[in-house]
Amino acid sequence: MRRGLWAVSLAAGLAVGLSSLPTAAEESVDIRLLAGTCAGCHGAELQGSGAIPTLRGHSAEYIRFMLTAFKSGERQATVMNRLAAGYADSEIDALADYLSSLQ
Amino acid sequence: MSKREISRLSRRRFTQLAAAAAAAPLLAPAVARGQAAAHVVVVGGGFGGATAAKYLKKKAPDLRVTLVEPNESFITCPYSNLVLAGWRDLPSITHSYAALRDRWGVEQVRDEAVGIDADARTVTLAGGDSLSYDRLIVSPGIDLRPPEEGGIAGYDEAAHEAMPHAWKPGAQTLLLRRQLEAMEDGGTFVLAAPPNPFRCPPGPYERASMIAAYFKAAKPNSKILILDAKERFSKQGLFQQGWAQHYGEMIEWVSLSADGKVVEVDPASKTLITEFGMEHTADVANVVPPQYAKAIARNSGLADESGWCPVDGRTFESALMPGVHVVGDASIASPMPKSGFAANSQGKTAADAVVALLAEREPGNPAWVNTCYSHVAPDYAISVAGVYKAVDGKIVSIEGSGGVSPTDADDQVRQLESVYADAWYDSITSDMFS
């Protein structure tokens with residue numbers, strides 16, 4: 001599992017490196033705005049709600065690992081597989097940094 | 001001069017104004033001129049407007065924010081179908097504006113907006129007052145098209161009593177519920193489903209599901225007939241799979257090409273007449289007619305010929321009136337659906353764009369998410385999800401993202417989605433109202 005996590009993080013890191021040149025069609029998304037959409041399910045302060053887990057108090061590594069695993073389908077969820085599939089690796093990275101920085 | 005001509009005239013006038021404004025140097029907003037705090041007016045306190053008002057204050061506490069909303073509380077369309085099933089009551093889907101006022105400092109004006117002057121930057125109210133704004137966010141929702149404006153012949157306001165639409169929740173929801181309760185076992189419930197685009201694409205089919213759940217428990221010999229003005233519908237395969245599993249032959253769906261389009265109704269006999277002349281008589285009829293943006297949007301020149309409001313995909317600023325942003329069901333935001341989740345998402349990005357523009361900063365580049373759950377049976381729900389971005393002012397769906405729940409999922413997954421649906425409802429309403 002640890003090796004899997006490392007490999008996933010490395011892959012995500014490489015992808016960020018490779019996609020760091022912005023193209024005209026793909027301006028980088030304001031990550032606060034993307035994270036703001038999470039509140040629709042995860043609660044106004046992203047504190048979780050009932051069966052929907054909190055997005056607070058996690059390390060960046062954990063969030064990156066989970067979103068990457070949702071995106072690849074390695075980890076089966078309900079809507080999160082379909083949503084994470086729409087996040088660029090660079091956005092997963094930025095979401096992980098942003099969410100882990102919340103108090 | 002007819003109302004229609006007035007609105008066409010004002011549309012032209014506003015287009016001219018928009019062109020003039022584009023050519024003139026930008027006027028510095030109040031904040032930049034070092035005057036009193038800028039004033040943002042938000043029209044409509046639904047998913048788009050309540051969210052926008054709260055997030056304006058959250059991002060910029062010094063901003064003056066006025067919410068124009070005649071009601072003291074908001075009843076959500078989401079989960080109103082569960083009231084029809086008898087699973088929920090109306091108070092449980094009713095949310096007060098008190099926290100927006102008391103916690104966030106949003107000023108609420110209990111009145112209805114009836115006009116917008118983009119040149120003078122004022123909103124006129126039904127009570128006769130007017131409000132001036134630095135920027136305006138309009139989230140008015142929808143109106144049902146009357147017979148003379150592309151609606152269904154015979155389905156005028158008086159007909160809403162005999163054949164409720166229940167597409168604006170509240171008294172109409174309770175009326176339809178009472179009619180269902182009064183119906184005898186073995187009766188026929190007929191639902192006329194509207195053409196695209198309309199508020200809540202999976203809504204009619206979740207409604208049929210919820211009424212089937214009620215019938216199965218209380219009136220098992222009853223029938224449900226859906227007469228549809230469309231060839232296909234949202235989450236169709238999943239709904240039909242769930243219907244077969246839970247309700248057998250109870251629900252029959254008639255597509256457009258199978259003569260499903262209702263063109264006329266007779267409220268006295270509860271008869272629905274289709275395009276090719278088939279007459280269906282109902283014991284309880286629910287007519288969801290064609291829709292367009294609410295009157296304030298159409299009458300003030302925010303809507304185009306389609307009846308909906310074109311916007312810049314990045315800021316949701318109107319393509320027809322500068323300084324005015326339109327969010328929620330009234331806006332043309334396709335491929336995003338007309339859903340409460342989408343409106344909530346749009347309300348946040350419009351708030352962010354307005355704060356940035358007032359401070360003369362470049363608005364952030366947004367992304368939106370949509371998740372819509374539908375209950376099909378007890379402990380059995382399905383979902384559709386999507387991720388969207390703005391590319392060159394146009395909203396696009398991210399390739400490879402989104403889609404519906406898998407068709408081959410087992411009952412545990414359906415149960416999980418019903419649990420998530422309830423948690424979603426609590427989250428999004430607390431995001432708006434607490």
Side-chain angles (χ1 to χ4, degrees), chain A residues 15 19 22-56 67-68 70-96 98-99 102-103, chain B residues 51 54-55 58-59 314 340-342 344-345 348-349 351-353 356 363-373 381-392 396-406 409 413 416-417 419-420 422-434:
Chain A
S19 65
T23 64
E26 268 199 43
E27 282 176 81
S28 69
V29 159
D30 185 329
I31 213 66
R32 292 169 313 116
L33 295 180
L34 181 56
T37 67
C38 304
C41 290
H42 289 272
E45 303 300 327
L46 305 180
Q47 77 281 19
S49 163
I52 298 176
T54 179
L55 299 182
R56 289 178 166 264
L67 286 175
T68 308
F70 285 144
K71 182 177 176 174
S72 69
E74 207 176 317
R75 193 181 169 100
Q76 282 299 311
T78 54
V79 294
M80 278 315 299
N81 295 112
R82 292 173 256 154
L83 295 177
Y87 304 155
D89 292 338
S90 58
E91 288 160 6
I92 288 181
D93 222 43
L95 272 176
Y98 176 78
L99 292 172
L102 297 175
Q103 289 308 299
Chain B
T51 305
K54 172 179 161 179
Y55 275 77
K58 198 173 179 180
K59 286 165 200 288
R314 185 169 173 181
F341 198 119
N344 166 268
S345 249
K348 287 176 198 174
T349 51
D352 195 78
N365 210 24
W368 302 273
V369 158
N370 179 65
T371 303
C372 289
Y373 290 100
I382 56 179
S383 64
V384 61
V387 183
Y388 310 89
K389 281 181 190 170
V391 175
D392 300 328
V396 296
S397 184
I398 302 304
E399 217 182 306
S401 78
V404 298
S405 310
V413 171
L416 196 56
E417 293 221 277
V419 171
Y420 285 153
D422 291 348
W424 162 80
Y425 183 83
D426 292 341
S427 284
I428 200 156
T429 50
S430 82
D431 190 33
M432 292 156 62
F433 294 108
S434 69

Inset, instruction - Identify the heavy atoms of Ser49(A) and Ala423(B) that sit nearest to each other, and give their distance. - result: OG-O, 3.0 Å
Inset, instruction - Check whether Ile428(B) gets within reach of chain A through its side chain, its backbone, both or neither, counting any heavy atom under 4.5 Å. - result: both
Inset, instruction - Identify the heavy atoms of Asn365(B) and Ser28(A) that sit nearest to each other, and give their distance. - result: CB-O, 3.4 Å
Inset, instruction - May I ask you to decide if Gly86(A)'s main-chain N or O and Ser401(B)'s side chain share a donor-acceptor pair within less than 3.5 Å? - result: no
Inset, instruction - Mind ranking Thr349(B), Val369(B), Ile398(B) by heavy-atom pairs under 4.5 Å with chain A and telling me who comes out on top? - result: Val369(B)
Legend entry - Phe341(B) portion near chain A, given a 4.5 angstrom heavy-atom threshold: side chain
Legend entry - Choice from Val404(B), Thr371(B), Asn344(B), Leu416(B) maximising heavy atom contacts with chain A below 4.5 Å: Val404(B)
Legend entry - Top contributor to chain B interface from Asn81(A), Val79(A), Leu34(A) [non-hydrogen pairs under 4.5 Å]: Val79(A)
Inset, instruction - Taking atom CZ of Arg56(A) as the centre, report whether more than 12 heavy atoms of other residues, nucleotides or ligands fall under 6.0 Å from it. - result: yes
Legend entry - Donor on one side chain, acceptor on other, Arg82(A) and Ser383(B), under 3.5 Å: yes
Legend entry - Side chain / backbone / both / neither for Tyr388(B) at chain A, heavy atoms under 4.5 Å: neither
Inset, instruction - Measure the shortest side-chain to side-chain distance between Lys348(B) and Arg32(A) over non-hydrogen atoms and say whether it is less than 4.5 angstrom. - result: no
Legend entry - Tyr373(B) side, atom OH; Cys41(A) side, atom SG - distance, nearest 0.5 Å: 5.0 Å
Legend entry - Heavy-atom pair count under 4.5 Å with chain B, highest-scoring of Ala51(A), Ala84(A), Gly48(A), Gly50(A): Ala51(A)
Legend entry - Region of Asn370(B) that comes under 4.5 Å of a non-hydrogen atom in chain A: backbone
Inset, instruction - Count the heavy-atom pairs under 4.5 Å between each of Ser345(B), Gly400(B), Gly402(B) and chain A, then report the option with the highest count. - result: Gly402(B)
Legend entry - Under 4.5 Å from a heavy atom of chain A, the part of Val384(B) involved: backbone
Inset, instruction - Mind checking the CH2-NE2 spacing from Trp424(B) to His42(A)? Nearest 0.5 Å is all I need. - result: 14.0 Å
Legend entry - Which of Ala409(B), Pro366(B), Ser405(B) touches chain A most, by non-hydrogen pairs under 4.5 Å: Ser405(B)
Legend entry - Contacting region of Gln76(A) [heavy-atom separation from chain B under 4.5 Å]: neither
Legend entry - Which portion of Tyr425(B) sits near chain A, non-hydrogen atoms under 4.5 angstrom: neither
Legend entry - Among the listed options Cys38(A), Gly36(A), Ala39(A), the residue most often paired with chain B at heavy-atom distances under 4.5 Å: Ala39(A)
Inset, instruction - Would you confirm whether Ser427(B), through its side chain, and Gly40(A), through its main-chain N or O, come within 3.5 Å as a donor-acceptor pair? - result: no
Legend entry - Choice from Gly403(B), Pro406(B), Ser397(B), Gly386(B) maximising heavy atom contacts with chain A below 4.5 Å: Gly403(B)
